[in-house]
Protein chains: 2
Amino acid sequence: MQPLPNKSHRATGRVTLSDVARAAGVSPSTVSRALRGERAVDPALIERVTAVSRMLGYVPDPAARALASQRSDHVAILIPLLSNALFVDLLDAAQTTLRAAGYQTLMGVTHYDASEEEQLLREQLLHRPAGLLVTGLDHNPATRKLMASSQVPCVHLMDLPAIGQHDEAHCVGFRQTDAGAAMTRHLLSKGYRRIAFAAAQLDPRVMQRLYGWRNALQEAGLYEPTLEWLNPAPSSLALGGVLFEQIMQQSPSVDAIFFCNDDLAQGALMAALRLGIAVPSQVAIAGFNDLTGSDQMLPTLTSVRTPRARIGEAAAQMLLTLMRGEEPSSPQLDLSFEIVQRQST
Amino acid sequence: MQPLPNKSHRATGRVTLSDVARAAGVSPSTVSRALRGERAVDPALIERVTAVSRMLGYVPDPAARALASQRSDHVAILIPLLSNALFVDLLDAAQTTLRAAGYQTLMGVTHYDASEEEQLLREQLLHRPAGLLVTGLDHNPATRKLMASSQVPCVHLMDLPAIGQHDEAHCVGFRQTDAGAAMTRHLLSKGYRRIAFAAAQLDPRVMQRLYGWRNALQEAGLYEPTLEWLNPAPSSLALGGVLFEQIMQQSPSVDAIFFCNDDLAQGALMAALRLGIAVPSQVAIAGFNDLTGSDQMLPTLTSVRTPRARIGEAAAQMLLTLMRGEEPSSPQLDLSFEIVQRQST
DNA sequence: CTGTTAGCGCGTTCAA
DNA sequence: TTGAACGCGCTAACAG
């Protein structure tokens, strides 16, 4: 059956709920209930209403719906940066899942700035989002208060709370500390003894990887403060090269370097080629996140594969559950990580 | 002065326009006009209203505003992929500019699929966006019709129409054909004679670069169909390596390869290192877009620097002009490009 | 220049 | 289970 031409008498020319009601011979409220699948409505009616609305080409108006119900079809997502592929992958996966469920994604970029995050959240809450996705568990008090008082269901991405902390928070991710320790132990098992940790950006997750590395080295009795190379600048290939040169110059006895992110490690590999430093025979290099290109490097880069796409999707799924008013089977989902051993170690 | 506690008598507890009107002793419409900076309002009043609204902590409700005015504070942006840094840069810049002007960005990912683009546009138009940003000038008829009939101001990204075509369309970008030709002529000027063109994804902009390359070679009397290596698969470092190996095996006489995107070229450089093929002495390699890492390769990669961030920002600016009901000084803005000569050629 | 009136399109009471 | 009435918060058309 073809959609009929617009029979509305509205000034805007839109087909409205009332148009459907009139055509179906029922009240607007019934149409509203039927179309939203609210129970307590005659199955026969719901079928008739559905048919008529399809025939008329009726589509609900999100603004009207938001105004009346105090809840929009938006889901707000807060990520630190768009210049890090990690977060883009998260965004991509979450957005795809949410759209399939009929939600629009409102993205906010915090630039790792707590007060910008707060401001963004404030703006987004004005749109009365149906749900909220935020990166990490670390937020300033005002932000936490906003999230709590808004009553909007919220899922945290990437990170899992330390045991006994934030137990009520919904999150999907993996334990960054464990991942840092795991890679370090892997390097130890390969026989490396002077393992440096080189990091940039220094966001909370990077710091947790640092702690993991520290713990693992301390357990092995191999920790030394001079093995830490921390740089607060944004992460990049170029910076990786710079860090690599610094470390090789100032600590030539280092036999392995664990970079907190693959872009740094890739930059280090390129610098090694340039400087004629043999990897891994002279020094081993490991990265984190297993980003695009790491398997194409020379030598190919050992890294920690993190399931960012799956995190984005699973977090969106958990949020969908919460938005339906249900509880997920567990408030915390650990998607773990995987050591990818390649030629650079 | 501190914001007063909420004086609203509304069920929702929200401070509304009427609350401000009451407190200021004027009518709601006056408040509405004053706050939106509509002229034809007494300067004294607008000051009083502003003061009162700030004191009460009044914030307009976007949903109510959208319902009443038939226009939301959303701007929809359609891009092909989130897995290509090019489009993410575009998104980042546009989003930043738009947010500063008080607009929320609704992003849609088309996956280079014309019907998905159409469907996304349909969904987004339901939200009555104040403006529209789309990638490229190529859209299916239904999409073009939607854009036209919606009356929503629209700016096209990245591409400029061929002379005499789409003259009315608003766009910000550069001439892809010219860029392709410019790099080819640059290679010719360096003495290369058998210049292959290797491409993936094959979207309309890639094809235009191809035409530019073709024209330049034909002018020089050096064109041969066997120099074209087109692969419809998505672009990636790995694919660049594969293409490079193919070309070197099947056309060993090629002395330069122009890749349609830097990720392919970077992959080719890595493959060359792996295979022990000297770049540029045995074969030169050039890329396109000057993506992250191209200046860190070994050898560093010659490329075409494209002003994607500036395109995103300028397009957003042009859209802001259109949304104000004004006309930009010119409907088409050419931001050009730049050949970046590095070691690989 | 300002106020009054009338919606925008829908969800949500409450009665029936 | 259904319908009537009302309200969500704001803009727009018109009158003054």
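Chain naming here is simple, since letters A, B, ... match the order of the sequence lines and numbering starts at 1 in each.
Between A:R14 atom CZ and C:dC10 atom P there is a gap of 7 Å when expressed in whole angstrom units. Rounded to whole Å, atom C1' of C:dC10 lies 8 Å from atom CG of A:D61. Atom P of nucleotide C:dG11 and atom CG of A:L17 are separated by 6 Å, given to the nearest angstrom. Atoms CD (B:Q70) and C1' (D:dA13) sit 14 Å apart, rounded to a whole Å. Remark: P of C:dC1 and CD1 of B:I46 are 12 Å apart, rounded to the nearest angstrom. Atom P of nucleotide C:dG9 and atom CG of A:D73 are separated by 17 Å, given to the nearest angstrom. For A:R22 and D:dG3, the CZ to C1' distance is 15 Å, given to the nearest whole Å. In this structure, the CG atom of A:D42 is 10 Å from the P atom of D:dG3, given to the nearest Å.
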Name each donor-acceptor pair under 3.5 Å that joins a side chain in residues 76-83 of chain A to protein atoms two or more places apart or in another chain, with its distance.
none

Result block: side-chain N/O donor-acceptor pairs under 3.5 angstrom for residues 141-148 of chain B, not counting sequence neighbours:
{"residue": "B:T143", "atom": "OG1", "partner": "B:N140", "partner atom": "OD1", "Å": "2.8"}
{"residue": "B:R144", "atom": "NH1", "partner": "B:H139", "partner atom": "O", "Å": "2.6"}

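The stretch residues 28-35 of chain B comes close to DNA chain D through B:S29, B:S32, B:R33, each having a heavy atom under 4.0 Å from the strand.
Residues A:L322 and A:P153 come closest through the heavy atom pair CB-CB, 3.8 Å.
Regarding contacts with the backbone of C:dG3, a side-chain N or O of B:S27 is found under 4.0 angstrom from either OP1 or OP2. The side chain of A:R36 places an N or O atom within less than 4.0 Å of a non-bridging phosphate oxygen (OP1 or OP2) of C:dT12.
Nearest-nucleotide positions on DNA chain C place B:P43 closer to the 5' end than the other of B:R128 and B:P43. In terms of position along DNA chain C, the nucleotide closest to B:V26 lies nearer the 5' end than the nucleotide closest to the other residue of the pair B:L67 and B:V26.
Among residues two or more places apart in sequence or in another chain, the salt bridge (Lys or Arg N to Asp or Glu O under 4.0 Å) test is passed with A:E47 by none. Residues forming a side chain to side chain contact (heavy atoms under 4.5 Å, CB included) with A:A51 (at least two apart in sequence, or on another chain): none. Applying the salt bridge (Lys or Arg N to Asp or Glu O under 4.0 Å) criterion to A:E313, with sequence neighbours excluded, gives no partner residue. Applying the side chain to side chain contact (heavy atoms under 4.5 Å, CB included) test to A:R310 and every residue at least two apart in sequence or in another chain returns A:P307, A:L335. Among residues two or more places apart in sequence or in another chain, the side chain to side chain contact (heavy atoms under 4.5 Å, CB included) test is passed with A:D334 by A:L160, A:F174, A:R175, A:S336.
Side-chain atoms of A:Q104 and A:H74 include no donor-acceptor pair closer than 3.5 Å.
End-to-end axis angle for the helix from C:dC1-D:dG16 to C:dA16-D:dT1, using five pairs per end and rounding to 10°, comes out at 30°.
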